[in-house]
Every structure is written in structure tokens, then in C-alpha cells.
K.L.:
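Quick one: structure below, then a few questions.
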Amino acid sequence: MRIVIKIGSNVLTRPDGKLDVTRMSALVDQVAWLRQQGHEVVLVSSGAVACGRNELKVEHALDSVEQRQLFSALGQVKLIGLYYDLFREFGIHVGQVLTMKENFEPGEQFENQRACMRVMLENGVLPIVNENDTVSVTELMFTDNDELSGLIAQMVEADTLILLSNIDGIYTGHPDEPQSELIRSVAPGTDLSTYIQTSKSAHGRGGMKSKYTTASQVQAAGIRVIIANGERENILIDLIRHPETTPHTTFITA
Ligand code: GLU
């Protein structure tokens with residue numbers, strides 16, 4: 001299987017905003033396991049801005065674009081450096097792909113981006129993708145990395161897209177309410193919009209709404225999408241080995 005895994009900022013950051021290296025390391029172990037099982041993996045990792053925010057005390061107030069540019073520049077280096085070190089323990093080569101929405105318009109840039117993904121995968125290199133936040137123009141950005149990961153999954157013709165956030169999946173009500181139930185399986189064409197909470201988590205740009213939008217589009221393209229909780233221990237391995245006892249929402253394909 002070719003699997004695209006999106007790791008959200010909230011999965012990688014502690015409540016105080018610092019990078020959660022323990023969790024990152026556990027996820028890397030699981031990705032290494034997936035590769036040992038013969039799966040091809042592409043990671044879409046957020047966390048650059050969250051990672052960079054804690055690196056520097058800024059003297060003067062920065063506007064939102066300056067903050068994004070400065071913190072993503074600082075944070076992306078740290079993020080990819082850590083991935084490099086962690087994956088090297090398994091002898092896995094990682095490659096950094098920083099991209100922008102323009103690269104997904106049909107035409108030469110799309111072909112170029114796809115060729116880049118292909119040559120990395122053919123050579124066993126694990127692509128770690130993020131938006132090029134330093135130079136992206138605000139109006140032209142991806143809504144968030146959920147959207148980006150959906151486009152990547154379609155570009156590489158993945159079998160499965162796994163969206164890891166800090167919630168088990170889509171519920172029939174507010175996740176904190178006891179009567180709410182986790183929706184395990186979503187058939188193509190099902191409209192779940194009444195169940196989607198619009199609140200967002202602390203560190204990322206996305207939320208359940210954008211996960212749902214991405215999941216529906218990617219499902220319509222014939223790719224299975226799984227929304228699961230990246231804060232659960234062994235989540236990636238459990239999703240493959242014990243899907244029936246592992247909480248998640250799957251958008252199944254026909
Ligand atoms: N590209 C942003 C980052 O790495 C994350 C965007 C998102 O939260 O989806 O910080």
C-alpha cells in the first residue's frame with residue numbers, strides 16, 4: 001500500500017507549545033514499521049510554526065505574516081532536523097518537500113511536483129512534505145495541511161490517506177458529550193455536515209471541518225481516508241493490525 005500520513009501540529013506539540021519529541025519519535029518508529037511491512041509512506045507534517053514560536057524571544061510586535069514567515073523558517077529546520085535524526089536510526093533517508101498551492105494547478109508545475117514525488121519514492125526516500133510557509137502568499141495558501149495532504153494523496157495515487165489529529169474521528173455530537181458516538185465508517189456520498197464541529201484545536205490551522213472536506217474529496221477520488229488520534233499510543237500499527245478495536249473514522253471506497 002502507498003500511504004500518505006498527515007501529522008497535525010497538535011499531535012507534535014505539548015500543551016505549552018513545545019515540540020513533543022517523545023511522540024514524534026514514537027510516530028517515526030511506527031512509520032519505520034510500516035515501511036518494513038512493505039508499505040510506501042509519504043509524510044505531510046505540520047508543526048513548523050508551532051516549533052519555531054518557542055525558539056526566539058521577539059523584541060518587536062510582528063504582524064501575522066511576519067510571524068508565520070519567521071517562525072516557520074526557524075521551526076522547519078528544527079522539525080526536519082529531528083525527523084532526519086530519528087529516521088536515520090532506521091537507515092531511512094528522508095527528503096524535504098516544501099510546496100505551494102500553485103504546484104497543484106494542472107500543467108507544468110503539477111507535473112514537476114509529481115515527478116519529484118515519484119523520483120523520491122522510486123529511490124526509497126521518504127518525502128516529508130509541508131507548505132512553504134516562508135514565501136506563501138496568504139491569499140493563495142492551502143486552507144491548511146489537511147488540504148495539502150489530500151492533494152498529495154491524489155497526486156501520488158495513494159491507497160490510503162491517514163489524517164492524524166488529537167481526536168478519534170467524527171462523532172455524532174460534541175466529542176465530550178457522553179451520548180456522542182464515533183462514526184466508524186462513512187460510505188461514499190454520505191453527508192455528515194450536521195455532525196461537524198467548527199471549533200479548532202490550539203496549534204494548527206485546520207479543524208474537523210477541513211478534515212471532513214478533504215476526506216470527502218479524496219474519498220470521491222477513490223482513495224480511502226482514515227481520521228484517527230495521533231496521541232494514541234501505537235495508532236498507526238493498530239490501524240493496520242487491529243482496525244476493529246482501534247477508534248477511527250474511515251471513509252471507505254466503493
Ligand atoms: N504549515 C503549517 C506549519 O507547519 C501548518 C498548517 C496547518 O496547521 O495545517 O506550521
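Everything numeric in this text was worked out from a predicted model, so none of it was measured. Throughout, residue positions are numbered sequentially from 1 according to the sequence presented. Indexing begins at 1, ligand by ligand and atom by atom, following the structure's order.
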K.L.:
Should the proximity of N130 to ligand 1, defined as any heavy atom under 4.0 Å, be assigned to the side chain, the backbone, both, or neither?
P.N.:
side chain
K.L.:
Answer with yes or no whether S72 contacts ligand 1, where contact means a heavy atom under 4.0 Å from a ligand atom.
P.N.:
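In this structure, S72 fails to qualify as a contact of ligand 1 - no heavy atom is under 4.0 Å.
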K.L.:
Out of all atoms in ligand 1, which are within 4.0 Å of some heavy atom of D144? Include the element for each.
P.N.:
9 (O)
K.L.:
With ring centroids as reference points, do Y195 and Y212 lie under 6.0 angstrom apart?
P.N.:
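No.
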K.L.:
For ligand 1, find out whether one of its N or O atoms is nearer than 3.5 Å to an N or O atom of A50.
P.N.:
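It does not: no N or O of A50 is found under 3.5 Å from an N or O of ligand 1.
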K.L.:
For ligand 1, find out whether one of its N or O atoms is nearer than 3.5 Å to an N or O atom of D146.
P.N.:
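The answer is no, given that D146 and ligand 1 share no N or O pair closer than 3.5 Å.
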K.L.:
For ligand 1, which atoms, with element, lie under 4.0 Å from some heavy atom of S46?
P.N.:
4 (O), 5 (C), 7 (C), 9 (O)
K.L.:
Does D20 use its side chain to pair, donor to acceptor, with the backbone of R23 at less than 3.5 Å?
P.N.:
yes
K.L.:
Considering both backbone and side-chain atoms of D133, is one of its nitrogen or oxygen atoms within less than 3.5 Å of a nitrogen or oxygen in ligand 1?
P.N.:
yes
K.L.:
Salt bridge between R224 and D159, side-chain N to carboxylate O under 4.0 Å?
P.N.:
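No, this pair does not count.
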K.L.:
Counting neighbours of CD on E181 that are heavy atoms of other residues, nucleotides or ligands and sit closer than 6.0 Å, is the number greater than 12?
P.N.:
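No, not enclosed.
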K.L.:
I'd like to know if the side chain of Q30 and the backbone of A26 have a donor-acceptor N/O pair within less than 3.5 Å.
P.N.:
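Looks like yes, one N/O pair under 3.5 Å.
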K.L.:
Can you pull out every salt bridge (Lys or Arg N to Asp or Glu O under 4.0 Å) where at least one residue sits in residues 44-67? Sequence neighbours excluded, please.
P.N.:
E55-K78
